[in-house]
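First listed ligand is number 1; within each ligand, the first listed atom is number 1.
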Amino acid sequence: MNTQAKPASAPRLSSKTLSAAKPGVVLPKYDRSKTTIGIVHFGPGAFHRGHQACYFDSLLEKDSRWAISGVELLPTGLAEQAVPQDNLYIVAELDAQIRYRIVGSHTEYLKAHGESDKVFARLNDPKVKLVTMTVTEKGYCLDGVGELDLNHPAIKADLANPTAPKSLVGWVTEGLACRRAAGMVPFIPVSCDNMVMNGHKLHAAVLKYAKARGDEGLTAWIADNVTFPSTMVDSITPAATDELKDRIEVETGLRDEAPVQREAFLQWVVEDMLGEDAPDLASVGVLMVKDVAAYEFAKLRLLNGAHSTLAYAGLMRGRDSVGEAMADAKLSHAVESMMREDIVPTLHPAPGLDFNAYISDLLNRFRNPALTHKLIQIASDGSQKLPYRIVGSMADALKGGRSIRRFTISLGAWMRFVIRQAKADIVLQDPLHEKLAAVGKSCTGDAALDVPKFLALREMFSEELAGNEQFKSAITAAYEDFEALLD
Ligand code: CS2
């Protein structure tokens with residue numbers, strides 16, 4: 001707990017004010033002016049800045065080629081905050097030990113919506129080897145079966161005007177098309193979002209889009225030459241607050257208008273296919289593996305599946321943060337049982353991955369008293385997240401003849417949450433918010449009428465699953481009383 005008084009006004013963080021940092025604040029240990037940009041990152045939000053950018057910050061200490069150009073696809077206001085700070089920002093590691101680190105790996109922020117020439121120049125720069133991205137699940141414009149939705153408005157707009165892309169898939173494909181036209185080697189697109197087989201999904205989406213552009217030569221070139229590694233990313237990164245900015249100002253002696261808070265834990269597992277010319281990620285703690293799927297399934301189903309369950313059930317039980325939901329003994333007990341007894345049997349073993357120890361570590365991370373993680377943040381984009389986090393495990397459990405009872409806690413609470421927000425006219429943070437509001441508003445409380453409206457959402461439930469009697473009756477019971485499932 002911070003007890004120091006707030007200074008009148010600490011200097012704004014920038015290259016010139018670094019010397020004002022209080023002792024103990026970790027500063028970049030390399031000359032930023034001597035670095036060159038080797039990475040273009042789409043979606044430089046809090047997660048990327050707290051996670052991947054920290055790995056590159058460490059790498060820049062030994063290899064100056066890997067500074068990052070952060071590219072905003074949509075205006076977020078971050079670029080405006082970054083300029084006066086010379087693209088520096090503070091990561092507050094809030095855990096058993098508190099640590100402040102000033103990260104210097106971004107040397108440029110660009111806006112895709114206004115500085116597209118500069119973005120194309122970067123994508124065409126032979127020094128740029130990786131194009132990484134954190135655009136969240138919805139940023140890929142996929143349909144209910146995980147394939148590119150050619151009817152998505154952003155994809156339709158890009159197909160009509162492919163050289164002036166707006167979507168992530170449009171940008172990656174046009175960037176690759178430019179490299180091909182210039183006779184260059186391709187960059188490697190690296191998805192860092194919470195989706196199973198994120199690299200494969202991006203690969204398939206880019207190929208489908210290139211084909212829909214009617215460019216067979218480009219489609220074949222991408223198929224033959226471009227690798228799309230899958231990755232698993234992990235670090236709990238709650239959204240920054242004004243309180244955090246004030247605390248950082250007091251504790252570091254510098255004012256940062258765009259800081260990041262996260263736990264100390266950091267993990268990045270990357271499919272080992274970056275080639276020889278790539279940054280040496282293994283040297284800064286990235287786990288390079290042949291098959292990343294086992295890690296992705298474990299993380300998405302155990303960590304994120306538990307998170308979403310805590311979020312919806314917690315919110316409906318009046319809890320506000322992950323810490324509060326974990327202190328709700330009935331809820332945390334049910335979630336732990338779901339993890340150990342229901343999710344583990346759906347996972348693939350991986351070398352060095354001891355699921356029981358992994359679960360115990362996760363539960364401790366959820367209980368981190370130094371970090372407040374709002375449930376409402378995790379509850380956003382449910383229509384995009386739940387299929388990866390919960391519905392996939394349920395489909396596997398059904399195939400294996402196992403119980404799906406506890407999995408329905410999250411879905412039952414989610415339906416109730418959607419209805420509650422709709423009836424209160426609160427717009428959901430979800431790309432399907434219009435559809436969900438209409439469903440929510442029309443619900444009467446009669447499960448026989450209400451539940452089929454949710455199950456008809458093909459973006460979330462396949463026809464096969466929605467038609468499965470066992471699935472329907474379990475979801476219906478959860479809709480009627482998800483709290484009974486906590487016992
Ligand atoms: C969370 C994740 O907001 C959410 O949906 O479940 O952001 C989670 O904190 C990260 O995936 C942890 O790596």
Chemist: Can you tell me which portion of Glu137 lies within the under-4.0 Å heavy-atom range of ligand 1? Options are side chain, backbone, both, or neither.
Modeler: neither

Chemist: Just going by heavy-atom distances, which of Asp381, Leu310, Thr136, Asn304 is nearest to atom 8 (C) of ligand 1?
Modeler: Asn304

Chemist: Look at atom CD of Glu341 and say whether more than 12 heavy atoms of other residues, nucleotides or ligands are closer to it than 6.0 Å.
Modeler: yes

Chemist: Determine, using ring centers only, whether His373 and Phe366 are less than 6.0 Å apart.
Modeler: no

Chemist: Here's a test for you: under side chain to side chain donor-acceptor pair (under 3.5 Å), which of Lys29, Arg101, Gln52 qualifies with Asp57?
Modeler: Arg101

Chemist: Under a 3.5 Å threshold, yes or no: a donor from one side chain and an acceptor from the other, between Tyr140 and Ser191?
Modeler: yes

Chemist: Relative to atom 5 (O) of ligand 1, which among Lys385, His307, Gln384, His51 owns the nearest non-hydrogen atom?
Modeler: Lys385

Chemist: Does ligand 1 have an atom under 4.0 Å from some heavy atom of Gln267?
Modeler: no

Chemist: What protein heavy atom is closest to atom 12 (C) of ligand 1, reported as residue, atom name and distance in Å?
Modeler: Asp234 OD1, 3.3 Å

Chemist: Which of the atoms in ligand 1, numbered in the order shown and given with their element, are less than 4.0 Å from a heavy-atom of Lys299?
Modeler: 10 (C), 11 (O), 12 (C), 13 (O)

Chemist: Does the gap between the ring centers of His200 and Phe228 come in under 6.0 Å?
Modeler: no

Chemist: Is Asp234 salt-bridged to Arg365, going by a charged N under 4.0 Å from an acidic O?
Modeler: yes

Chemist: Would you say the side chains of Ser167 and Asp158 form a donor-acceptor pair under 3.5 Å?
Modeler: yes

Chemist: Please work out, at 4.0 Å between heavy atoms, whether the side chain, the backbone, both, or neither of Ala311 comes within that distance of ligand 1.
Modeler: neither

Chemist: Near Asn194, which atoms of ligand 1 are under 4.0 Å from a heavy atom of that residue?
Modeler: 11 (O)

Chemist: With a cut-off of 4.0 Å, which atoms of ligand 1 are near a heavy atom of His373?
Modeler: 9 (O)

Chemist: Enumerate the atoms of ligand 1 whose separation from the nearest heavy atom of Ser235 is less than 4.0 angstrom.
Modeler: 12 (C), 13 (O)

Chemist: So if I count the atoms of ligand 1 from 1 in the order they appear, which ones are less than 4.0 Å from some heavy atom of Arg389?
Modeler: 1 (C), 4 (C), 5 (O), 6 (O)

Chemist: Would you say that more than 12 heavy atoms from the other residues, nucleotides or ligands in this model lie under 6.0 Å from the CD of Glu434, or not?
Modeler: no

